[in-house]
Every structure is written in C-alpha cells, then in structure tokens.
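Notes follow the structure.
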Amino acid sequence: MLRTIRTEEDARKAVARARKRGKRVGLVPTMGYLHDGHLALVREARKTCDYVVVSVFVNPRQFGPEEDFERYPRDLRRDKRLLAKEGCDLVFAPAAKDIYPRGFMTTVGVGGLRDIMCGRVREGHFDGVCLVVLKLINIIRPDVAFFGEKDYQQLVIIRRMVDDLSVGVDIVGVPTVRDKDGLALSSRNAYLDPEERRRATALFRSLELGRLLITGGERRAEEVRRRMVSALIEGGVDRIEYVAIVDPDTLEEVRHIRSDVRIAVAAWVGDTRLIDNVPVEVRARRRRRRVKGRTAAVIMAAGEGKRMKSGLPKVLHTMGGRPLVRWVVAAARQAGVGEIIAVTGHGGDMVRPVLERLGVETVVQDVQRGTGHAVLQAYPLLKGFSGDVLVLSGDVPLVRASTLRKLLSDHRRHSNAVTFATAVVPDATGYGRIVRARDGSFEEIVEEKDADAKTRRIKEINGGIYCFKAGTMFDALLMLTSGNAQMEYYLTDTLGIIRSRGGRVEAHLIDDYTEVLGVNTRKDLRTVAAVYARRRRDEDNKRGVANGVHRKRKR
Ligand code: AMP
C-alpha cells in the first residue's frame, strides 16, 4: 500500500520500520508532475530495493529569481496514482517550511562542476540541488538513490558530493526516457504548444547528428559542435545556450575526441528552456574503410514483426527455405552492389550473425523511430561515399536483381537525386499512392490516411525500394522532422525535401508488383511463399520447354 507522508518525523519513522524488517531502501528524488522518465527510476529502484521512497518536492532553492518556480506544474494526486501502479511504498511530499525551517543557514556546493554548462546561466541552481538531495538523503537514509541521466550534470555533481562527503549512499544513474520522436521526457514539456513541441525535437536530432559524426570518425570536437549548432538552428530552436562535448566523468570540455564522451545541449524553444544529452562510445578508430564499388545498399532489418506473433525477428522468417533478408542481400549482390549495410534492431543478436556470414556490415538502430531514422544509422559507414545508395527492406524478399539494375541504370541515365520503384497492385489498401502530373511525371506520394476518395482509387503505389545519391540522401535525412501522428521519421519525407532543394525525383514503375510485396503477417508470408513457388515452377517449365525443344532438335 502506498503511503503519503508530509513531515520529516513521519518519514523517518516509516523508513525505520521498513529497515527493521530488513528492507533495502531506495530513494527517488523528484519535483513531481511525473512522467515515464521518473517512473523508469522507480522501476529501476524496484529491481534492487524492496522499499522504494519517492520524494515529491518542488525545491525553491534550485530556481533562480527569474525562473519558473511559480508556474512549475504540480499535481500530487495524479503523481500518487502513477506511483501506486509502480509499486512505490512511500511518497514523501514535504512542505518548503519543513525542509527549510526558519533559521536555515547551511549551503552545500560542488565548486567547479557547478559553474560550467547549465551552471553558467543557472547561478546557484546546483547548490540548491545538492542541498535538497543531501537533506532528503539524511532524512530517508536510503541504501541507494536514483537519478536520471537526463540531468547529466546533476548526476555527476551528486556523485561528486556523495563521494567527497562520504555520504555512504550508492548513486545509480538511469538512461533517459524519450518520446517516440526522441524528445527527452520532461515535466517542462508541458509548457510547449504543439508547434513548439515539434521544434523541440531539434535537440534530439542535433545530438543524433553529433553521435553519428563521432561514430563516423570525426575527432574534432569543434567541427561536431559547429554542425550541431547548425542543426539546432535549422531545427527551429529560438536560442542556443550551449553545445558541449565533455568527458563523461569530469565534464571537462574535450577538444580532440579520443575516448568516450558525453554530448549535451541546452536551448530555448519559445519560453521554455530544454536540456538533453547522449553518451557516445568511441572505439579505437577502425582502419579507414573505403566503400567498395559505386553502389551501396542499406537494408532495413530492424523490425520486430509483432504481427508475426513469433519470437523470431521478422527478417529471419523463411521463404523457399531461406531467411527473407537473405533473398534481399542476394538480389543486391547480383545487381552489382559492392557494399551492403543492414540496419538491425529487434532480435539483432540473431539477425547479425546471419548477415555477417554473408559479408554484410551491420549497424544498430537501438530504438525504432521510423524508416528515415533507420537509414540514417548507416551514416558512419557511408560518410564521404559519393556513389548511389539502394535502400531496401529486409522483409520484401521477392525483389529481383534485374529490377534493381534497371532502377539504377535509369537513376544514372536521368541524373536523378532519387529514383524509387512503384507498382500497380490489385489492392492498394495501406500503401502510399503515387500521384502523377498530366505529363506522367511524379508529383507526390499520398499516404492512405491523407488520401481523399479519388486518390484512394489510384492503384499505383510506393514500392518502398529507393535509389539515392548518397550525399543528397544523408543531407535530407538529417533535415527530417517527425510531424506525423506516429511521431516517426519517415524516409518518404526525404523526397519532398530533396525536391524542394532542386533534386530530381523520379518514380519508376516496375512490371511485376509481387516484387514489392512485404511481409508483416503470417498471411503475407504465405503469399510471398506462394509467389516464390510459382516463380520456381515457371522457371522449371521454361527450362523444361527449352530442354524439350533442344531434345527435339537433337532427334
Ligand atoms: P525532476 O522531477 O525533473 O527533478 O526529475 C527527477 C528525477 O527524474 C531526476 O533524477 C531526473 O534526472 C529524472 N528524470 C527526469 N526526466 C527524465 C527522463 N526523461 N528520463 C530519465 N530520467 C529522468
């Protein structure tokens, strides 16, 4: 049963009783207005502690005089409801006069660390944080206290304080929880109107860019910073406070990136100040690879395939006795693609060995944020590549090498920025429809949900097979936003971006629609298997006829 306690004395008593019963106590300090990020801390606490205390206290000492203390969102009833569901044992929600009674004089501060990054602008903020955290720890006396990496500087400062003052509490950091489009959850997101909410993703997108640049071998922090600043501005933030590339333990600015770093940003969108950061692992620089040949392929193979109702990752289901993704790799190879990169995710541990045996390089999309985000993960391996990139799906197994070759040759002959395959299908339900101009040239793709009745009658659909100029593709991917109901980054949106920047986009109609059939369900799997069997029979017949003719002639 969840209990709510207001005073220090009651809190001490409740925790003492739990401790008497031999319980390991965990503390999660918060300012309330809880979201899934806070709840992740509670879940983490549940894993290792059997008595979990969550404090809810909007700490006046960590707000500057011009800051949002007054308007900071508060809703204790809602918070308690959420915490009860997570199996929290005690909510400690003290009043300010109990935490800071009359005559309170003490200050705590971690010099140096408090004056950089957020501390440059939020004077006194981290001293206020340290003070309240130390006080809460002294009241609750937990074995472990949990903090989010979302506030990375805070986490580092608290670790330092706890070490320096021998507080005797383990500090556990919990990775940042994000919305689908990558925006880090924060109580302050409640301030954003829908238009600002869209622009707010610029922080995450700039961090992604920074991470990909570093993973791709960029070692000059200043260059990474410069690119991130541009991305933040293009992404629509109103003011940048800082972009920092720092040592993850000391928060010292790094100039030349040699080992793991943390990249952090603070920026304003409207009247809201937002912060975010990500870790970047830096492996010893791999031998500088040259991409083989003038065509590369990126195969999307990260899908979970929930509707397959199976523990096997979707692309490992088989058609004609082979995993779906192997057919796609084979078609790409036969079409003359030198370098194949697969984006893995769900079931990656099972998918990667299969692909690596085929000589396919793999990258990881750790969270699914749409097709555009998936392809972007190949950036570190294709950085500087100036050829063409085929984008294929690991669950579209019937595509033929001859079709890819034709797509590529049209793409080059017409000097297109993008050429993508379309097909006329008997049933277009669920597909993006192709709208063409009077002269037959491609106009736009209209997704089904946005299509009016007339557009829905169109039977020519987007086949999801693309050929891009590499540089143009990545430039457009980095500009993608996620202004759709699913909050995902869609590859198809690059076509509009590329066209608006003067690139030629061509829709290439293929003859046999079965080549673009994708597998999402068991039924789809049976359909592609039947098409495959029919193709085999037709080929056998053709061969048979050829042999028959041959024999006849012989006679
Ligand atoms: P706050 O209520 O903002 O003071 O946050 C309370 C705790 O939750 C802090 O340790 C934060 O770092 C953590 N936190 C806030 N947002 C997130 C998030 N999106 N993911 C993980 N932890 C978070």
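Keep in mind that what you see is a predicted model, and the values were worked out from it rather than measured. When a ligand or atom number is given, it counts from 1 through the structure's own listing order. Just so you know, residue 1 is the first one in the sequence shown, and it goes up from there.
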Below 3.5 Å, N or O to N or O, backbone or side chain included: is there any such pair between [X] and ligand 1?
X: Val174; value: no
X: Leu185; value: yes
X: Met31; value: yes

Min over Ile275, Leu41, Val56 of heavy-atom distance to atom 13 (C) of ligand 1 lands on Leu41
Heavy-atom proximity to atom 8 (O) of ligand 1 ranks first, among Gln62, His38, Lys150, for His38
To the nearest 0.5 Å, what is the distance between CG (Leu316) and CE (Met308)?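 Those atoms lie 10.5 Å apart.
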Could you list the atoms of ligand 1 found under 4.0 angstrom from a heavy atom of [X]?
X: Phe147; result: 10 (O)
X: Pro175; result: 21 (C)
X: His35; result: 15 (C), 16 (N), 17 (C)
X: Thr30; result: 2 (O), 6 (C)
X: Pro29; result: 6 (C), 7 (C)

Short N-O contact, Arg198 and Glu195, less than 4.0 angstrom
no
query: Do Arg199 and Asp238 sit within salt-bridge range, that is, some charged N less than 4.0 Å from a carboxylate O?
result: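 Judged by the 4.0 Å cut-off on N to carboxylate O distance, Arg199 and Asp238 do form a salt bridge.
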Quick one: nearest non-hydrogen protein atom to [atom], plus distance?
atom: atom 22 (N) of ligand 1; result: Gly148 CA, 3.5 Å
atom: atom 20 (N) of ligand 1; result: Val177 N, 2.9 Å
atom: atom 12 (O) of ligand 1; result: Asp151 OD2, 2.6 Å

Say whether [X] and [Y], considering side chains only, have a donor N or O and an acceptor N or O under 3.5 Å apart.
X: Asn59; Y: Tyr100; result: yes
X: Thr344; Y: Gln365; result: no
X: His125; Y: Glu67; result: no
X: Lys314; Y: Asn520; result: yes

Go through the steps to decide whether Tyr72 and Tyr33 satisfy the test ring-ring contact (aromatic ring centres under 6.0 Å, His included), and finish with yes or no. CA-CA 9 Å; Tyr72 196 85; Tyr33 209 69; 7.8 Å; no
Contact list for residues 151-210, test ring pair (Phe, Tyr, Trp, His ring centres under 6.0 Å), sequence neighbours left out |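 The answer is none; no pair qualifies.
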